[in-house]
Number of protein chains: 2
Amino acid sequence: MVPVSALQAKAARPAPWLDTIIKGDCVAALENLPDHSVDAIFADPPYNLQLGGVLHRPDQSKVDAVDDAWDQFASFEVYDAFTRAWLLACKRVLKPTGTIWVIGSYHNIFRVGAKMQDLGFWILNDIVWRKTNPMPNFKGRRFQNAHETMIWASPNSETKGYTFNYDAMKAANDDVQMRSDWLFPICSGGERLKDEEGRKVHPTQKPEALLSRIILSSTKPGDVVLDPFFGSGTTGAVAKRLGRHFVGVEREQDYIDAAQARIDAIDPLAADMLKPLPSKKSLPRVAFVSLIESGLLSPGDRLTSPKGDHVALVRADGTLVSGQTAGSIHRLGAQVQGAEACNGWTYWHYEEAGKRHPIDRLRGEIRAATAEI
Amino acid sequence: MVPVSALQAKAARPAPWLDTIIKGDCVAALENLPDHSVDAIFADPPYNLQLGGVLHRPDQSKVDAVDDAWDQFASFEVYDAFTRAWLLACKRVLKPTGTIWVIGSYHNIFRVGAKMQDLGFWILNDIVWRKTNPMPNFKGRRFQNAHETMIWASPNSETKGYTFNYDAMKAANDDVQMRSDWLFPICSGGERLKDEEGRKVHPTQKPEALLSRIILSSTKPGDVVLDPFFGSGTTGAVAKRLGRHFVGVEREQDYIDAAQARIDAIDPLAADMLKPLPSKKSLPRVAFVSLIESGLLSPGDRLTSPKGDHVALVRADGTLVSGQTAGSIHRLGAQVQGAEACNGWTYWHYEEAGKRHPIDRLRGEIRAATAEI
DNA sequence: TCACGGATTGAATCGCGAA
DNA sequence: CTTCGCGATTCAATCCGTG
């Protein structure tokens with residue numbers, strides 16, 4: 001039997017694979033990770049591009065296409081088997097409350113998405129990355145391919161408990177909900193990793209802005225983000241900067257070297273720059289009765305619906321009464337509307353200086369008086 | 001043996017299904033159409049939404065969800081079999097030079113796209129319909145689902161000969177290539193079909209603007225457009241207005257009645273409003289030698305590369321000579337650059353008033369002098 | 001007739017934790 | 001395991017009634 005002290009030491013010691021790049025094939029390498037050990041996954045698998053010959057621009061320059069060995073598959077069947085294998089490995093290491101992001105183009109994303117559904121992943125959104133500066137269609141035979149597609153999914157249809165920083169996304173988007181179409185430039189300029197001869201290190205390096213939104217939307221500080229196709233390490237770089245842990249898997253030593261150097265140069269942001277915008281649910285709970293106890297409301301006070309067409313009286317025990325029926329602020333609000341549910345805090349209003357205000361405002365006063373900094 | 005005159009009469013008589021709505025299941029109904037008989041297909045199949053209970057808005061009103069019987073499938077397997085069947089039927093009736101459009105959401109589009117690839121369709125683009133006014137995410141648990149996806153494909157990987165009105169799309173897009181992300185409002189207002197009680201006739205009526213861009217981009221006037229899930233008939237209405245023929249297949253009589261009345265009320269646009277923008281390739285061909293024949297160039301004239309670093313002389317037979325080598329404007333242009341191919345019309349320049357101009361300008365003068373209106 | 005405000009609505013896989 | 005209480009949650013556009 002293992003002594004308790006040893007167990008405690010083990011629990012306290014961080015996993016050896018945390019914040020490292022594991023060299024090897026993604027399915028084999030993931031066997032080093034326990035079940036349900038990562039909070040989020042970003043996967044940028046080979047797109048299985050099926051290119052014909054060499055493509056030239058109108059000025060005769062050659063398009064530097066993705067023709068690397070790792071993007072070559074003999075058939076759809078082979079690609080599907082590959083997809084199934086890495087998705088299963090990812091599903092095993094992903095926490096039930098975690099989520100996975102997969103990016104692809106029309107060459108592969110339909111096969112990947114269908115396989116994800118077959119394996120029980122539950123799609124939460126498909127997100128379109130609209131490129132500000134996509135490559136033109138040189139032959140003029142199709143529309144300019146100006147976007148890529150990401151699938152955001154839960155590992156099963158019991159989607160309870162996954163992280164979505166709704167309020168942060170909304171605040172970042174001028175206080176309206178973040179949409180499923182995102183606009184970003186492709187990775188270029190100083191952000192693009194180059195070797196000594198100025199050649200790009202990786203043909204499909206993803207922009208940090210894209211990973212930043214992904215990580216900020218669906219993980220919390222301290223979470224572990226896995227990237228099974230680590231490449232040039234954008235996921236690791238952004239995770240480190242944003243105070244998240246990363247694990248990368250990559251087969252090619254050149255990519256590993258470049259990614260490691262890149263990540264080593266990253267300074268994480270200060271913790272107070274990463275403090276998540278508190279969701280309303282995470283605010284301390286205030287019982288309605290404490291408004292009475294603190295004197296903000298008194299028994300017998302008159303509350304109304306937003307338009308004043310329903311009236312209720314405050315009782316000393318923190319219930320409301322309206323006509324023959326009494327109940328909590330929520331139940332009575334639902335009842336007078338004939339609705340199944342109601343947020344009593346925003347439904348019931350009190351009057352002050354001739355104006356109606358929701359009692360949520362009084363709750364805010366209590367919270368402010370007891371707030372931590 | 002059928003007399004020749006009967007064959008001719010048959011050829012002259014339009015097919016009985018042209019510009020009609022065929023009632024019935026799409027696979028069975030398409031058996032009425034011969035092989036390779038339609039130029040384009042727009043398919044808006046059931047999305048297979050898998051909704052939980054009722055969804056309420058923050059104001060407690062109920063969301064009118066798509067819960068029609070035609071969108072119910074027992075499993076992914078059943079949906080896949082359904083998809084395979086109608087795609088095969090479509091593939092048979094589609095001309096080899098025709099193309100197919102399929103629209104869907106993340107619920108079904110990945111399965112549909114994978115099945116299309118399995119059946120040998122060759123994807124030309126995936127197109128994102130970005131909605132200006134999508135429904136919000138009421139619970140704040142996901143990103144606002146603000147787009148749908150369309151797949152544009154050729155029936156096989158020999159994609160030669162399909163219609164893509166590149167220049168018209170480019171001209172319509174402020175003279176830059178049309179991208180793969182399109183912005184349109186959802187169908188509402190006066191365009192949305194309503195019954196006598198003001199209820200929407202069809203839960204998922206598509207906007208005419210969307211079909212208009214599809215038809216204008218990938219068909220020619222007089223082409224036949226098939227819609228195997230005709231619904232409220234947007235495809236037929238837009239096809240008729242744009243001078244294309246349509247065929248619809250629809251199971252529900254209510255939808256057929258509404259669609260037929262809608263189409264009957266459409267006035268086709270005048271033919272000269274539909275004249276396609278001539279693509280550059282379809283402009284009358286001009287032989288280089290005709291520039292000499294018409295006196296715009298003379299034998300012995302000096303042509304240069306765009307930067308003046310290569311020089312060639314015009315010969316009377318319409319070839320160029322540079323140093324030891326001679327050849328067409330295209331071959332010699334490629335040769336002096338060490339390139340495989342070259343557009344000699346834009347590569348070779350003549351000098352006028354101290355400025356260099358491509359000889360394409362002289363070609364333009366010849367075309368203008370012989371142009372039709 | 002126009003301006004303004006309130007009501008309605010659209011392909012939606014839409015909560016969480018304590019008891 | 002289920003049940004139940006708490007209470008969080010919407011954007012753009014059209015339509016309609018009122019002044």
Side-chain angles (χ1 to χ4, degrees), chain A residues 97 117 121-126 152-154 156-162 164 166-167 170 173-180 279-283 285-288 306-307 318 327-331 333-334 339-348 358-360 363, chain B residues 44-68 70-73 76 103-109 129 131-149 185-192 194 198-200 202-207 229 231:
Chain A
T97 56
Q117 291 182 311
F121 286 94
W122 196 252
I123 299 178
L124 299 168
N125 279 115
D126 60 333
W152 181 41
S154 177
N156 54 66
S157 63
E158 306 297 317
T159 59
K160 267 198 308 191
Y162 66 88
F164 177 55
Y166 172 78
D167 295 288
K170 183 172 172 178
N173 194 41
D174 293 344
D175 288 321
V176 292
Q177 295 188 333
M178 187 70 80
R179 296 169 46 112
S180 55
S279 74
K280 292 194 180 152
K281 278 205 171 153
S282 70
L283 290 172
R285 184 177 174 278
V286 173
F288 175 65
K307 284 182 252 162
S328 73
I329 54 173
H330 310 298
R331 287 309 316 148
E340 289 196 2
C342 167
N343 182 345
W345 291 106
T346 55
Y347 181 74
W348 294 111
I359 57 174
D360 198 32
R363 181 170 63 164
Chain B
D44 182 10
Y47 286 11
N48 190 22
L49 300 186
Q50 290 150 61
L51 307 176
V54 268
L55 178 65
H56 291 276
R57 303 167 198 266
D59 66 1
Q60 303 298 337
S61 66
K62 211 171 86 182
V63 174
D64 182 18
V66 175
D67 53 2
D68 305 69
W70 50 254
D71 199 43
Q72 306 299 321
F73 294 85
F76 282 142
I103 187 168
S105 67
Y106 66 83
H107 309 86
N108 71 322
I109 198 64
W129 169 26
K131 303 180 183 183
T132 58
N133 48 350
M135 192 186 293
N137 182 290
F138 294 116
K139 301 295 186 189
R141 294 297 296 144
R142 306 179 179 194
F143 298 96
Q144 183 183 29
N145 189 13
H147 74 276
E148 296 188 23
T149 301
I186 60 176
C187 181
S188 68
E191 187 186 324
R192 187 92 196 206
K194 304 273 174 64
R199 292 171 306 205
K200 57 192 176 197
H202 194 281
T204 70
Q205 185 180 339
K206 295 294 176 288
F229 305 97

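Values below: all heavy atoms of this structure, side chains included; hydrogens, waters and symmetry mates excluded. Keep in mind it's a predicted model, so treat the numbers as computed, not measured. Just so we're on the same page: letters track the sequence lines, and every chain starts at 1.
Rounded to a whole angstrom, the distance from the P atom of D:dT9 to that of C:dG17 is 15 Å. Rounded to whole Å, the C1' atom of C:dG6 lies 16 Å from the corresponding atom of D:dT10. Distance check on atom P: D:dC15 versus C:dA11 gives 15 Å, rounded to whole Å. Spacing between D:dT18 and C:dT1 at atom C1', rounded to whole Å, works out to 14 Å.
With rounding to whole Å, A:Glu158 atom CD is found 14 Å from C:dC16 atom C1'. Taking atom NE2 of residue B:His56 and atom C1' of nucleotide D:dA8, one finds them 14 Å apart after rounding to whole Å. As rounded to whole Å, 14 Å separates atom P of C:dG10 from atom CD of B:Glu191. In this structure, A:Tyr347 atom OH and D:dA8 atom P are separated by 17 Å, rounded to whole Å. In this structure, CD1 of A:Ile329 is placed 13 Å from C1' of D:dA8, rounded to the nearest angstrom. To the nearest angstrom, C1' of D:dG7 lies 11 Å from CD1 of A:Ile359. Between the NE2 atom of B:His107 and the P atom of C:dA12 there is a distance of 8 Å, given to the nearest Å. Taking atom CG on B:Asp59 and atom C1' on C:dT9, their separation rounds to 10 Å, with Å as the unit.
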Subject >> Intermediate values then yes/no, side-chain hydrogen bond (donor to acceptor under 3.5 Å, both in side chains), B:Ser105 and B:His107 >> reply: CA-CA 5 Å; B:Ser105 67; B:His107 309 86; 2.6 Å; yes
Original post:
B:Lys131 and B:Glu148: side chain to side chain contact (heavy atoms under 4.5 Å, CB included), yes or no, with the steps?
Top reply: CA-CA 8 Å; B:Lys131 303 180 183 183; B:Glu148 296 188 23; 2.8 Å; yes
Original post:
Can B:Leu55 and B:Lys62 be said to form a side chain to side chain contact (heavy atoms under 4.5 Å, CB included), step by step?
Top reply: CA-CA 6 Å; B:Leu55 178 65; B:Lys62 211 171 86 182; over 6 Å; no
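Across all their heavy atoms, B:Trp129 and B:Ile186 have their closest contact at CZ2-CA, 3.9 Å. Taking each heavy atom of A:Pro306 and A:Tyr347 in turn, the nearest pair found is CD-O, 3.2 Å.
For the pair B:Lys200 and C:dG10, the criterion of a side-chain N or O lying under 4.0 Å from OP1 or OP2 is met. Contact between the side-chain N/O atoms of B:Lys194 and the OP1/OP2 oxygens of D:dC15 is not found at any separation under 4.0 Å. Between A:Tyr166 and D:dT10, a side-chain N or O to OP1/OP2 separation shorter than 4.0 Å is present. The side chain of A:Lys170 places no N or O atom within less than 4.0 Å of a non-bridging phosphate oxygen (OP1 or OP2) of D:dT9. Contact annotation: A:Arg285 reaches the phosphate of D:dG7 (side-chain N/O to OP1 or OP2, under 4.0 Å). Regarding contacts with the backbone of D:dG7, a side-chain N or O of A:His330 is found under 4.0 angstrom from either OP1 or OP2.
Between A:Met178 and A:Tyr166 there is no side-chain heavy-atom pair separated by less than 4.5 Å. Side-chain contact between A:Thr97 and A:Lys160 is absent, with no heavy atoms from C-beta onward closer than 4.5 Å. Contact of the B:Asn48 side chain with the B:Phe76 side chain is registered, since non-hydrogen atoms from C-beta on lie closer than 4.5 Å.
Residue contacts for B:Pro134: at a heavy-atom cut-off of 4.0 Å it reaches a base atom on one of the strands shown. At the heavy-atom level, B:Arg199 lies nowhere under 4.0 Å from the strands shown. Using a 4.0 Å heavy-atom criterion, one finds that A:Lys280 contacts the sugar-phosphate atoms exclusively. If you check every strand for non-hydrogen atoms under 4.0 Å, B:Gly231 touches nothing. Heavy atoms of B:Cys187 sit nowhere under 4.0 angstrom from any nucleic acid atom. Looking at heavy-atom distances under 4.0 Å, A:Arg331 makes no contact with the nucleic acid at all. Using a 4.0 Å heavy-atom criterion, one finds that B:Lys62 contacts no nucleic acid atom at all. Within 4.0 Å (heavy atoms only), B:Gly190 reaches sugar-phosphate atoms of the nucleic acid but no base atom. Among the atoms of the strands shown, base atoms are found under 4.0 Å from some heavy atom of B:Asn137. Residue A:Ile123 is classed as a base contact, given a heavy-atom separation below 4.0 Å to a base. Within the 4.0 angstrom heavy-atom criterion, no nucleotide atom of any strand lies near B:Ser105. Within the 4.0 angstrom heavy-atom criterion, no nucleotide atom of any strand lies near B:Pro207.
The pair A:Arg363-A:Asp360 counts as a salt bridge, with a side-chain nitrogen and a carboxylate oxygen less than 4.0 angstrom apart.
Heavy-atom distances to DNA chain C give each of B:Leu51 and B:Arg141 a nearest nucleotide, and the one nearer the 5′ end belongs to B:Leu51. Looking at which nucleotide of DNA chain C each of B:Gln50 and A:Gly161 is closest to, the 5′-most match is held by B:Gln50. Of the residues near DNA chain D, A:Asp167 and A:Ser328, the one whose nearest nucleotide (by heavy atom distance) lies more toward the 5' end is A:Ser328.
One can find a donor-acceptor pair under 3.5 Å joining the base of C:dG10 and the side-chain atoms of B:Arg57.
Checked against the 6.0 Å centroid threshold, A:Trp152 and A:Phe164 count as a close aromatic pair.
Distance from the side chain of B:Arg192 is smallest to C:dG10 among D:dA13, C:dG10, D:dA8. Which of D:dC11, D:dA13, D:dA8 sits closest to the side chain of B:Gln144 comes down to D:dC11.
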Original post:
In dot-bracket, 5' to 3', how would DNA chain D read with Watson-Crick or G-U wobble pairs under 3.5 Å, [ ] for crossing ones and | for pairs to another strand?
Top reply: .|||||....|||||||||
